**Student:** 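Structure below; questions to follow.
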Amino acid sequence: MKALHFGAGNIGRGFIGKLLSDAGIHVTFADVNQQVVDAIATRHEYPVNVVGEYAVTETVKNVDAISSLSDDVFKQIAQVDLITTAVGPQILARIAGSVAQGLVQRCNDQNTSPLNIIACENMVRGTSQFKEYIFKALPENYHVWVNQHVGFVDSAVDRIVPPATSKTGDILEVTVETFSEWIVDKNQFNGPVPAIKGMEVVDNLMAFVERKLFTLNTGHAITAYLGFYFGVETIRDAILNDKIRAIVRQAMEESGAVLIKRYNFDAKKHAAYIDKILSRFENPYLHDDTARVGRQPIRKLSSGDRLIKPLLGTFEYHTANDNLLIGIAAALNYRNQEDEQAIELAEKITKSGVEAALCEVSGLEASVLGKSNPVVSRVAQIYHSMQNKQF
Ligand SMILES: NC(=O)c1ccc[n+]([C@@H]2O[C@H](COP(=O)([O-])OP(=O)(O)OC[C@H]3O[C@@H](n4cnc5c(N)ncnc54)[C@H](O)[C@@H]3O)[C@@H](O)[C@H]2O)c1
Ligand SMILES: O=P(O)(O)OC[C@@H](O)[C@@H](O)[C@H](O)[C@H](O)CO
């Protein structure tokens, strides 16, 4: 079996590419980073440090790489059995045109063997979104053929992989936590579901996607933004701060109360899931900067993402949300001159005020029944206390 994987970054090399390669699949990475592409294409292998109680360095072998900007991509798409991505949600629209062109070539070559495409991004139904981008770029006379021969499979992906500095200066070396979970939707495959060790197949994917994104990523983001407020550099140091930990735990519990009601989760198992996540944030073997986890705050404050979607759930089920509101205020208070979205968010707040900026990025209503939305006012109040260093 052959796979083309877009994005030879942390998750690409440290999780999805490794898992596919370990399963005996030949993986070709496609990336815009020419240095990384050249290194993989020359060495055909790279080291992965799996760190935890037992640390081990494993070598991913028999891999290749091409530039995602070259025509080689079309040839690969015409031939492989699986296409995966880990490029970041904002990049999916950019690579969709190449994937569409590759599918045209596959159809013209009359390759009717099943192909499946799986976006491994922190998004709700990221592959379905990717499919929309691809179909926008695909000439209409190919739509029926692609629907017939290509599966677009949504997934949830979980493994903490921060960028790590290699002691030997190896740009391909990657350091990952022991934990990993990749869950895919059984009902969306074209042809038989390939048996890949480490790829779990379920028929209720949304429960798993929301459980992961609205527990781990909700807690992670709030840890990062409060870490920034308290002047802490890493996720580990932030979560070891008692005040931050209490807010993060309670925010995950508030989000969890919604998930338990929505998906009928077992409350005890969900509490254990939260405990496990807190211990993963504390991992002493990973150096994970709050800046990585807090990256792109406008994306993280959007209506379907990890901060606002759980809040909307608390409205639906009339459950507590005090700590989620603190997390949202902390995201608005986040400043980072190296993060384009953090700069843009700060500019919006300066220009229009924090209430208007929040409503713009999150889709929350500015007023309810003719009065200021109390939730927006509460977030603004916490935000101002943070700005005045009085939170
Ligand atoms: N790192 C994690 O802990 C983690 C865990 C789960 C999910 N994710 C998700 O995985 C995705 C990737 O995250 P990451 O941490 O690996 O990011 P990363 O920045 O380490 O990797 C992204 C890679 O995509 C490449 N890229 C950018 N534009 C491209 C293009 N046009 N064509 C091909 N490649 C392109 C970059 O060069 C880079 O190598 C994100 O959606 C993220 O949310 C990350
Ligand atoms: O990748 P992002 O920016 O959506 O989120 C940052 C982190 O929370 C995320 O990368 C986690 O490390 C990952 O989701 C763990 O599975």
Side-chain angles (χ1 to χ4, degrees), residues 1-8 12 16-32 37 40-41 44 60-87 91-121 125-155 157 182 184-199 201 205:
M1 203 171 157
K2 285 183 189 160
L4 175 66
H5 176 87
F6 283 89
I16 303 301
K18 177 177 189 305
L19 184 145
L20 295 176
S21 177
D22 288 350
I25 297 170
H26 183 270
V27 179
T28 300
F29 290 94
D31 204 291
V32 283
V37 168
I40 298 175
H44 301 289
V60 174
K61 293 188 174 156
N62 193 26
V63 288
D64 211 339
I66 54 174
S67 165
S68 59
L69 306 172
S70 74
D71 291 357
D72 294 344
V73 166
F74 315 138
K75 198 168 132 202
Q76 284 286 330
I77 294 172
Q79 290 172 1
V80 295
D81 311 285
L82 184 65
I83 297 174
T84 49
T85 77
V87 286
I91 304 293
L92 289 180
R94 287 196 219 161
I95 59 173
S98 304
V99 175
Q101 220 169 316
L103 292 174
V104 166
Q105 184 166 331
R106 190 178 179 100
C107 174
N108 293 345
D109 290 355
Q110 296 176 359
N111 179 355
T112 53
S113 57
L115 167 68
N116 287 292
I117 300 183
I118 314 180
C120 306
E121 317 286 347
R125 295 220 172 270
T127 313
S128 298
Q129 177 75 64
F130 192 32
K131 181 181 180 183
E132 281 184 28
Y133 298 139
I134 293 168
F135 270 65
K136 258 189 208 158
L138 190 69
E140 225 171 299
N141 51 327
Y142 289 90
H143 286 200
V144 171
W145 188 91
V146 170
N147 270 323
Q148 213 175 346
H149 299 287
V150 183
F152 290 85
V153 183
D154 288 304
S155 82
V157 52
W182 187 26
V184 297
D185 190 333
K186 181 184 179 177
N187 306 312
Q188 294 175 307
F189 278 87
N190 188 280
V193 178
I196 298 173
K197 193 170 169 233
M199 184 185 82
V201 181
L205 182 78

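Worth knowing before you read on, the calculation uses all heavy atoms, side chains too, and leaves out hydrogens, waters and symmetry mates. Counting from 1, the numbers follow the sequence of the chain as shown. Keep in mind that what you see is a predicted model, and the values were worked out from it rather than measured.
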**Student:** As an exercise, state the distance from CD of Q110 to NE2 of H149, rounded to the nearest 0.5 Å.
**Tutor:**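 One finds 10.0 Å between CD of Q110 and NE2 of H149.
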**Student:** Could you report the tightest heavy-atom contact between A137 and G97, atom names first, then the distance?
**Tutor:**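 Heavy atoms of A137 and G97 come nearest at CB-CA, 3.9 Å.
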**Student:** Hey, mind stepping through Q79 and K75 against side-chain contact (heavy atoms from CB on, under 4.5 Å) and telling me if it holds?
**Tutor:** CA-CA 7 Å; Q79 290 172 1; K75 198 168 132 202; 4.1 Å; yes
**Student:** For the residue pair N147 and Y142, confirm or rule out a side-chain donor-acceptor distance under 3.5 Å.
**Tutor:**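 No, no side-chain donor-acceptor pair sits under 3.5 Å.
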**Student:** Should T28 and I66 count as side-chain neighbours, where that means a heavy-atom distance under 4.5 Å?
**Tutor:**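 Yes. Closest side-chain heavy atoms under 4.5 Å.
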**Student:** Tell me, do I118 and F152 make a side-chain contact under 4.5 Å, heavy atoms counted?
**Tutor:**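 I118 does not reach F152 side chain to side chain.
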**Student:** Compare every heavy atom of V37 with every heavy atom of A65, then report the nearest pair and how far apart it is.
**Tutor:**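 The pair with the smallest heavy-atom distance is CB-O, 3.6 Å.
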**Student:** Looking at G17 and V27, what are the two nearest heavy atoms and their distance?
**Tutor:**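 Minimum heavy-atom contact is O-CG2, 3.8 Å.
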**Student:** Looking at every non-hydrogen atom in both residues, tell me the closest pair between S155 and A119 and how far apart they are.
**Tutor:**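 Minimum heavy-atom separation between S155 and A119: OG-O, 3.1 Å.
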**Student:** Could you tell me which residues satisfy salt bridge (Lys or Arg N to Asp or Glu O under 4.0 Å) with D71, sequence neighbours excluded, listed by chain and number?
**Tutor:**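 D71 satisfies salt bridge (Lys or Arg N to Asp or Glu O under 4.0 Å) with no other residue.
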**Student:** Does the side chain of F29 come within less than 4.5 Å of D64's, by heavy atoms?
**Tutor:**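 A side-chain contact under 4.5 Å is absent here.
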**Student:** Looking at OG of S113 and CG of D81, how far apart are the two atoms once the value is rounded to the nearest 0.5 Å?
**Tutor:**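 Here the rounded value is 6.0 Å.
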**Student:** Does the side chain of S128 pick up a donor-acceptor pair with the side chain of D154 at under 3.5 Å?
**Tutor:**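 A pair is found: one side chain offers a donor N or O, the other an acceptor, under 3.5 Å apart.
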**Student:** Work out which heavy atom in N190 is nearest to a heavy atom in L115; give both atom names and the distance.
**Tutor:**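 Closest approach of N190 to L115: CB-O, 3.9 Å.
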**Student:** A side-chain contact here means heavy atoms from C-beta on lying under 4.5 Å apart; do W182 and T84 qualify?
**Tutor:**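 Heavy-atom side-chain distance check passes, below 4.5 Å.
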**Student:** Taking the six-membered ring of F189 as reference, does the NZ or CZ atom of K186 fall below 6.0 Å from its centre and within a 45° cone about the axis?
**Tutor:**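 So K186 doesn't make the cation-pi contact.
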**Student:** So T85 and H5, side-chain contact (heavy atoms from CB on, under 4.5 Å) or not? Walk me through it.
**Tutor:** CA-CA 5 Å; T85 77; H5 176 87; 5.5 Å; no
**Student:** Does Y133 form a side-chain contact (heavy atoms from CB on, under 4.5 Å) with V99? I'd like the steps, not just the answer.
**Tutor:** CA-CA 10 Å; Y133 298 139; V99 175; over 6 Å; no
**Student:** To the nearest 0.5 Å, what is the distance between CG (N62) and NE2 (H26)?
**Tutor:**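 Rounded to the nearest 0.5 Å, the CG-NE2 separation comes to 4.5 Å.
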**Student:** At their closest point, which heavy atom of S98 faces which heavy atom of S68, and how far apart are they?
**Tutor:**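 In terms of heavy atoms, the two residues are closest at OG-O, 4.3 Å.
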**Student:** Are side-chain heavy atoms of L92 and E121 found at a separation under 4.5 Å?
**Tutor:**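 A side-chain contact under 4.5 Å exists here.
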**Student:** Determine, stepwise, if the pair L205 / V184 fulfils side-chain contact (heavy atoms from CB on, under 4.5 Å).
**Tutor:** CA-CA 7 Å; L205 182 78; V184 297; 5.6 Å; no
**Student:** Does a side-chain heavy-atom distance below 4.5 Å link I83 with N116?
**Tutor:**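 SC-SC contact between I83 and N116 ruled out.
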**Student:** Is there a side-chain contact between H143 and Q148, using heavy atoms and a 4.5 Å cut-off?
**Tutor:**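 No; the side chains remain at least 4.5 Å from each other.
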**Student:** Quick one: pull up CD1 in I25 and CG in L20 and give me the separation to the nearest 0.5 Å.
**Tutor:**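 If we round to the nearest 0.5 Å, I25:CD1 and L20:CG are 5.0 Å apart.
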**Student:** Roughly how far, to the nearest 0.5 Å, is the CG atom of L103 from the CD1 atom of I117?
**Tutor:**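 Rounded to the nearest 0.5 Å, the CD1-CG separation comes out at 5.0 Å.
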**Student:** Nearest 0.5 Å please: distance from the CZ atom of R106 over to the OG1 atom of T112.
**Tutor:**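 So the CZ of R106 and the OG1 of T112 are separated by 8.5 Å.
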**Student:** Mind checking whether V104 and W145 have side chains closer than 4.5 Å, heavy atoms only?
**Tutor:**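 Heavy-atom side-chain distance check fails, nothing below 4.5 Å.
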